[in-house]
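In what follows, a single structure is set out as structure tokens and then discussed.
Bear in mind that the values here come from a model prediction, so they are computed numbers and not experimental data. Naming convention: chains lettered A, B, ... in sequence-line order (proteins, then strands); numbering from 1 in each chain.
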Amino acid sequence: MSSSYTITLPDGSQKQVPPGSSPLDVARAIGSRLADDAVVARVNGELWDLTRQFEDDSKLEILTSRSGDEALKVYRHSTAHLLAAAVLELYPGTKLGIGPAIESGFYYDFERETPFSTEDLEAIEKRMHAIRDRDVPYQRVLVEKQEGLKHYQELGESMKCELISEKASDIFTEYTLGEQFIDFCLGPHVPSTKRLKAFKLLSVSGAYFKGDQKRQQLQRIYGTAFFSQKELEEYLHRLEEAKRRDHRLLGKQLDLLSIQELAGPGLIFFHPKGALVRKQLEDWMREQYLARGYSLVNTPHVARESLWSVSGHLENYKESMFSGMELDDGVYRLKPMNCPMHILIYKDSPRSYRDLPVRLGELGNVYRYERSGTLHGLFRVRGFTQDDAHIFCTPEQIEDEITACLQFAVDTLKTYGFDRYKAELSTWDGGVSGKYLGSADQWKLAEDALHRATERVGLEVKVVPDEAAFYGPKIDVKLLDCLDRSWQLSTVQFDWNLPQRFELEYVGQDGEKHRPMMVHRALYGSVERFFGILLEHYAGAFPVWLAPVQAIVLPIADRHLEYAKTVVARLEAEGFRVELDARSEKVNFKIREAQLQKIPYMLVVGDREAELGKVGVRNRKHADQGAQNLDEFVATLKTLIEAKAVSE
RNA sequence: GCCGGCGUAGCUCAGUAGGUAGAGCAUCUGAUUUGUAAUCAGAGGGUCGCAGGUUCAAUUCCUGUCGCCGGCUCCA
């Protein structure tokens with residue numbers, strides 16, 4: 001054993017340390033501030049506890065609260081252990097599931113007969129603070145597997161035993177926290193609880209052990225943790241902000257839509273104002289279809305069950321379909337997808353290679369029997385409208401077609417004011433499992449085409465292997481909204497299943513029959529869902545071109561009503577969506593209501609305006625803009641609408 | 001579908017240790033004629049989600065059911 005180890009730091013400098021030294025010792029040697037701020041170490045590329053002793057010459061990097069996600073993840077994972085330790089102190093006999101760090105914090109799963117209440121959560125959080133203040137070290141212990149198993153059995157930790165049997169190697173690591181708490185865990189952790197500065201428990205909910213519906217249901221406590229109180233508070237503010245922007249709340253406040261208990265859950269009623277916004281979304285999409293070489297079609301909402309047998313939906317998608325309707329001539333089903341309908345149109349006439357590509361687009365209403373517990377506002381519904389199109393083409397055309405689809409998707413996002421998005425390319429497993437349909441050649445052709453298309457459009461793409469649909473690879477486009485939340489939107493999917501099932505053909509240049517390539521693509525995904533995303537993104541203040549009411553005229557006194565009416569008439573003649581608030585209320589009152597309705601422009605008209613043919617322009621974001629000639633205002637509004645400006 | 005919470009006027013919510021309910025806003029009526037985020041007064045409005053059960057009596061307690069919320073699961 002050498003008398004000292006050489007530790008190499010990221011800047012290339014080296015330090016000699018005696019055996020028994022740990023990364024924390026090195027950090028101290030560099031500076032006490034670094035030691036205080038250190039969270040975890042990276043030793044020879046691996047994350048280590050700061051207090052773990054070096055075993056050889058090593059490369060060392062100290063990760064601090066400024067080192068980004070890795071350090072934060074460790075920190076949160078340690079907080080999860082703190083949570084579990086507090087729960088065991090307060091509720092002895094509770095059994096442990098797993099407790100990982102997740103994107104926005106951490107959770108820990110517990111098995112206990114009595115459910116945790118909100119008050120329990122407060123008590124637990126209090127206890128967490130108490131343990132934190134005791135400054136308890138996280139200690140890493142090496143355990144021999146059989147011995148360890150025995151120990152966890154004695155503790156009655158059956159879930160831990162199961163995890164150890166499955167995952168542990170002959171010698172595994174566990175972490176202790178105080179006298180009571182031990183946990184089978186890879187680590188690493190922060191050195192002691194006093195490092196945990198800012199955390200909060202957020203909610204409790206059910207979760208299955210290992211996510212398996214057949215296993216016991218556990219109670220999952222969610223929380224979050226940050227390096228500083230300030231960051232924690234910012235996060236909590238963001239949650240508040242998200243709540244304020246909740247489309248279910250705004251949908252009601254702005255009288256855009258409702259869900260009616262009498263009609264059934266997951267079914268959306270668009271009220272007049274919501275329907276006006278929706279019309280803009282639909283009109284824009286239909287115009288784009290036509291401008292980009294698609295043909296618009298319309299297809300029925302129900303069809304004979306035999307159609308769904310041929311398509312395979314009855315076989316593979318039955319659980320998500322509404323059950324059948326018995327009619328005189330057999331059973332009919334509501335459509336969960338539009339593809340078979342579009343295929344029937346394709347098949348209705350013989351197709352030549354000269355006809356291809358055939359692009360059939362529709363805003364198609366589909367109905368899916370989503371499980372009751374999954375329904376959520378506009379985001380997860382049972383009846384919705386897909387901006388669905390299917391492209392039938394030759395293998396030679398495929399790359400250009402995909403490229404055009406992706407470009408279309410990006411243009412769509414930009415139009416609605418989203419400038420941050422990313423793409424995911426879901427590929428197959430190379431044929432290993434046999435669960436994918438189609439030949440290696442087919443997959444290669446399709447995946448290559450998808451890849452090249454993303455390059456041509458300049459889309460950053462992440463490849464996710466073995467995530468494709470069984471019938472072909474796909475690209476999903478996700479957007480980030482103003483609160484950094486990610487939403488899946490557009491999808492472009494290959495399909496060699498349906499063309500085969502429906503025996504689609506075209507006559508090639510060689511006079512022979514060939515099977516066309518088929519691509520499903522949806523850009524909004526679901527019009528309802530996209531509406532919800534927009535509503536939250538803009539917090540209800542839709543850009544002028546989408547706003548259900550673009551301007552409201554507010555006469556100051558009844559004697560200005562007549563002039564107000566001429567203003568309304570003029571604006572309506574220009575094609576604007578205008579309202580008049582004719583009530584004998586004070587302007588302040590009318591303004592307040594218009595503000596709350598987030599109407600972009602309020603036009604105050606009194607003696608001064610009536611005399612000069614002007615309007616007093618108030619904008620919802622920039623307040624009083626002063627008096628303008630009506631013509632001037634008309635021109636401004638026109639410009640904004642034509643440009644589809646996202647801010648005014 | 002599963003676990004937990006919730007369901008009182010159009011909306012937001014209070015209340016009843018079991019004796020059929022109240023506020024603010026909204027609505028209606030009247031007064032007010034108003035200059036950039038709430039004028040005043042009066043009136044109407046509820047089978048306390050729905051169905052059973054316990055009870056002299058249920059909105060309140062129990063059971064079931066429907067719906068909503070937070071998650072899980074699912075997302076061909």
Does Ser433(A) have any side chain to side chain contact (heavy atoms under 4.5 Å, CB included) partners at least two apart in sequence or in another chain, and if so, which?
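By the side chain to side chain contact (heavy atoms under 4.5 Å, CB included) rule, Ser433(A) matches Asp429(A), Lys435(A), Tyr436(A).
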Charged tip of Arg220(A) within 45° of Tyr107(A) ring normal and under 6.0 Å:
yes
Measure from NZ or CZ of Arg529(A) to the centre of the six-membered ring of Tyr524(A) and say whether it is under 6.0 Å with the direction within 45° of the ring axis.
no
Have a look at [X] and say if it touches a base, only the backbone sugar-phosphate, or nothing, with a 4.0 Å heavy-atom cut-off.
{"X": "Arg368(A)", "result": "nothing"}
{"X": "Val587(A)", "result": "sugar-phosphate"}
{"X": "Gln260(A)", "result": "nothing"}

Atom-to-atom span, [atom1] of [X] to [atom2] of [N] - whole angstrom:
{"X": "Lys621(A)", "N": "A37(B)", "atom1": "NZ", "atom2": "C1'", "answer": "17 Å"}
{"X": "Gln597(A)", "N": "A38(B)", "atom1": "CD", "atom2": "P", "answer": "16 Å"}
{"X": "Trp308(A)", "N": "A76(B)", "atom1": "CH2", "atom2": "P", "answer": "16 Å"}
{"X": "Phe110(A)", "N": "G4(B)", "atom1": "CZ", "atom2": "C1'", "answer": "16 Å"}

In the 5'-to-3' direction, what one-character label does each nucleotide of nucleotides 26-31 of chain B receive under the scheme B = base within less than 4.0 Å of a protein heavy atom, S = sugar-phosphate only, - = no such atom?
S-----
Each nucleotide of nucleotides 64-72 of chain B classed B (base within 4.0 Å of a protein heavy atom), S (only sugar-phosphate) or -, in 5' to 3' order, makes --BSSSBBB
Neighbours of RNA chain B within residues 490-504 of chain A, by heavy-atom distance under 4.0 Å
Asn497(A)
Please determine, for the side chain of [X], which listed nucleotide ([options]) has the closest atom?
{"X": "Tyr471(A)", "options": "A76(B), U36(B), U34(B)", "answer": "A76(B)"}
{"X": "Arg380(A)", "options": "A37(B), C75(B), U34(B)", "answer": "C75(B)"}
{"X": "Arg371(A)", "options": "U73(B), U34(B), U36(B)", "answer": "U73(B)"}

Could I get the full list of side-chain hydrogen bond (donor to acceptor under 3.5 Å, both in side chains) partners for [X], not counting sequence neighbours?
{"X": "Gln597(A)", "result": "none"}
{"X": "Gln386(A)", "result": "Asn338(A)"}
{"X": "Arg608(A)", "result": "none"}

Any idea which heavy atoms bring Ser323(A) and Arg333(A) closest together, and the distance?
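It is CA-NH1, 3.3 Å.
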Donor-acceptor contacts, no H, no angles, side chain residues 254-271 of chain A, under 3.5 Å, sequence neighbours left out:
{"residue": "Asp255(A)", "atom": "OD1", "partner": "His271(A)", "partner atom": "ND1", "Å": "2.8"}
{"residue": "Ser258(A)", "atom": "OG", "partner": "Gln260(A)", "partner atom": "NE2", "Å": "2.8"}
{"residue": "Ser258(A)", "atom": "OG", "partner": "His271(A)", "partner atom": "NE2", "Å": "2.7"}

Between the base of U36(B) and the side chain of Asn588(A), is there a donor-acceptor distance below 3.5 Å?
no
Please evaluate the base of G1(B) for a donor-acceptor partner in the side chain of Glu370(A) within a cut-off of under 3.5 Å?
no
With a cut-off of 3.5 Å and sequence neighbours excluded, list every side-chain donor-acceptor pair involving residues 421-428 of chain A.
none

Under the salt bridge (Lys or Arg N to Asp or Glu O under 4.0 Å) test, residues paired with Glu157(A) that sit two or more places apart
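Applying salt bridge (Lys or Arg N to Asp or Glu O under 4.0 Å) to Glu157(A) gives none.
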Got a sec, which residues hit salt bridge (Lys or Arg N to Asp or Glu O under 4.0 Å) with Asp183(A), two or more places apart in sequence or on another chain?
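For Asp183(A) the salt bridge (Lys or Arg N to Asp or Glu O under 4.0 Å) partners, ignoring immediate neighbours, are Lys160(A).
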Quick one: stems for RNA chain B, with Watson-Crick or G-U pairs under 3.5 Å, at least three in a row?
B:1-7 with B:66-72, B:10-13 with B:22-25, B:27-31 with B:39-43, B:49-53 with B:61-65
Positive for ring pair (Phe, Tyr, Trp, His ring centres under 6.0 Å) with Trp496(A), one of Trp443(A), Phe470(A), Phe502(A), Tyr471(A)
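The single option meeting the ring pair (Phe, Tyr, Trp, His ring centres under 6.0 Å) with Trp496(A) is Trp443(A).
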Check each of His247(A), Arg248(A), Glu536(A) against Leu378(A) using the side-chain contact (heavy atoms from CB on, under 4.5 Å) test, and report the only one that passes.
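Checked His247(A), Arg248(A), Glu536(A) against Leu378(A); only one passes side-chain contact (heavy atoms from CB on, under 4.5 Å): His247(A).
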Would you say Lys590(A) places a side-chain N or O within less than 4.0 Å of OP1 or OP2 belonging to G35(B)?
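No, because none of the side-chain N or O atoms of Lys590(A) sits under 4.0 Å from OP1 or OP2 of G35(B).
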Heavy-atom side-chain proximity of Met602(A) to Gln595(A) below 4.5 angstrom
yes
